[in-house]
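Counting starts at 1 for both ligands and their atoms, following the listed order. Everything quoted here is computed from the prediction, not taken from an experiment.
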Amino acid sequence: MDELRKNGKEIGLAVIIVGDNPASRIYVNNKKKACEYIGIRSEEFALPESTTEEELKSLVEKLNNDDTIDGILVQLPLPKHINEETVINTISVKKDVDAFHPVNVGKIMIGDYDFLPCTPAGVMELIKESGIDVDGKNCVVVGRSNIVGKPQAMLLLHKNGTVTICHSKTKDLAEVTKNADILVAAVGVPEMITGDMVKEGAVVIDVGMNRLPDKKLVGDVKFEECEKKAAAITPVPGGVGPMTIAMLMKNTVKAATLK
Ligand code: GUN
């Protein structure tokens, strides 16, 4: 980044948000704050709920061709009438700082990538910085989303973990999770991972971010119960969330460097 600055290069991130999903608004604000903090110019495009898929795609195409923009982020979820896949496919592979484009997803599969998806990459960074070796460990990922579960499993596999992906159709989930040396919860169900589902001494990583009716923010893991059994555990908020943003900053700087 200093090298880019020395060359008089400003880094630009375009952040697109459609509609007024309150959680998305908070995420986008946090991303913009992080940009400001490290000296990336962020440009927000806040579009109304009524935006058509064509209008959104036109904006993305315009940003693809804008030399002052290094990274493009379309905050998900999008309103129901817009096909997320179609929009993601429109983002330039070189500006895809979320690593959601199928080309970048494919590159991750074969282990030859420029960008890693921010949340799974943040989880791997937490694991690495905590001195936890994934090699040969039983890794269980609960959740199979394209954004977290699937790429998370792949990144753990790259580090030689023995990886199991669980989902809503998994039979006897607790039997599987109790085998996990490293357990990653990314389902979006408040506090569904309870203490009895965790092995003594496991590493528990909570990707969930759920707002309860009383407005309290909780993860997918029942922290007070799992904390008693885990060797290491991430809190919500303040665990994986800030790492996701840090990885977005990393990807944005990388996009600018690669240009
Ligand atoms: N919605 C939830 N997480 C993410 C993310 O990492 N990137 C984008 N673009 N949208 C999200």
Side-chain angles (χ1 to χ4, degrees), residues 12-35 40 42-47 49 51 53 56-57 59-60 63-64 69-80 82-105 108 113 115-126 141 143-155 184-190 205-211 217 219-220 234 236-237 239-252 254-255:
L13 175 67
V15 181
I16 305 175
I17 177 169
V18 186
D20 36 36
N21 179 318
S24 290
R25 175 36 69 196
I26 293 169
Y27 293 143
V28 163
N29 286 349
N30 288 340
K31 288 170 185 180
K32 281 167 51 190
K33 263 190 235 157
C35 284
I40 290 176
S42 72
E43 205 170 321
E44 180 181 307
F45 298 85
L47 308 179
E49 182 86 16
T51 303
E53 191 174 296
L56 180 53
K57 277 169 58 186
L59 172 61
V60 170
L63 295 168
N64 283 343
I69 295 294
D70 298 288
I72 301 170
L73 180 149
V74 180
Q75 187 65 29
L76 304 180
L78 291 170
K80 292 266 178 301
I82 301 179
N83 185 311
E84 287 185 353
E85 228 170 273
T86 313
V87 174
I88 289 166
N89 285 352
T90 313
I91 300 171
S92 157
V93 170
K94 291 184 160 57
K95 297 189 178 185
D96 173 33
V97 285
D98 267 319
F100 289 169
H101 191 287
V103 168
N104 287 324
V105 174
I108 291 158
Y113 46 77
F115 305 117
L116 285 177
C118 303
T119 300
V123 169
M124 296 312 289
E125 201 66 24
L126 279 173
V141 179
R144 56 171 157 181
S145 71
N146 289 334
I147 296 183
V148 185
K150 286 186 214 169
Q152 188 69 70
M154 199 48 61
L155 300 193
V184 181
V187 255
V189 178
I205 298 162
D206 191 352
V207 176
M209 191 81 93
N210 311 291
R211 187 76 64 181
L217 193 62
D220 294 347
T234 64
V236 174
V240 173
M243 291 307 294
T244 298
I245 294 181
M247 295 301 108
L248 173 67
M249 298 300 104
K250 185 175 169 181
N251 281 349
T252 307
K254 183 143 191 207

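Counting the atoms of ligand 1 from 1 in the order shown, those under 4.0 Å from a heavy atom of Val74 are 8 (C), 9 (N).
Ion pair Lys33/Glu44 not flagged as a salt bridge, since none of the NZ, NE, NH1 or NH2 atoms sits closer than 4.0 Å to an Asp/Glu carboxylate oxygen.
Polar contact with ligand 1: present for Gln75 (N/O pair, distance under 3.5 Å). By the 3.5 Å distance cut-off applied to N or O atoms, Pro77 is not counted among the residues near ligand 1. Polar contact check, Leu73 against ligand 1: no nitrogen or oxygen pair lies under 3.5 Å apart.
In this structure, OG1 in Thr244 is found 11.0 Å from CE in Met249, a value given to the nearest 0.5 Å. How far OG1 of Thr252 is from NZ of Lys31: 10.0 Å, rounded to the nearest 0.5 Å.
Under a 4.0 Å heavy-atom criterion, Tyr27 is not in contact with ligand 1. Residue Met209 places every heavy atom at 4.0 Å or more from ligand 1.
Contacts with ligand 1 closer than 4.0 Å are made by side-chain heavy atoms of Asp98 only, the backbone lying farther away. With a 4.0 Å cut-off on non-hydrogen atoms, Glu84 does not touch ligand 1 at all.
Residues that satisfy the salt bridge (charged side-chain N to carboxylate O under 4.0 Å, His left out) test with Asp70, not counting sequence neighbours, are Lys9, Lys259.
Under the side chain to side chain contact (heavy atoms under 4.5 Å, CB included) rule, Cys35 has a single partner from Ile40, Asn30, Val15, which is Ile40. A side chain to side chain contact (heavy atoms under 4.5 Å, CB included) with Ile17 is found for exactly one of Asn29, Val28, Val74, Leu73, namely Val28.
The closest side-chain heavy-atom distance from Leu76 to Ile88 is below 4.5 Å.
The nearest heavy-atom contact from the protein to atom 10 (N) of ligand 1 is Leu76 N, 3.0 Å.
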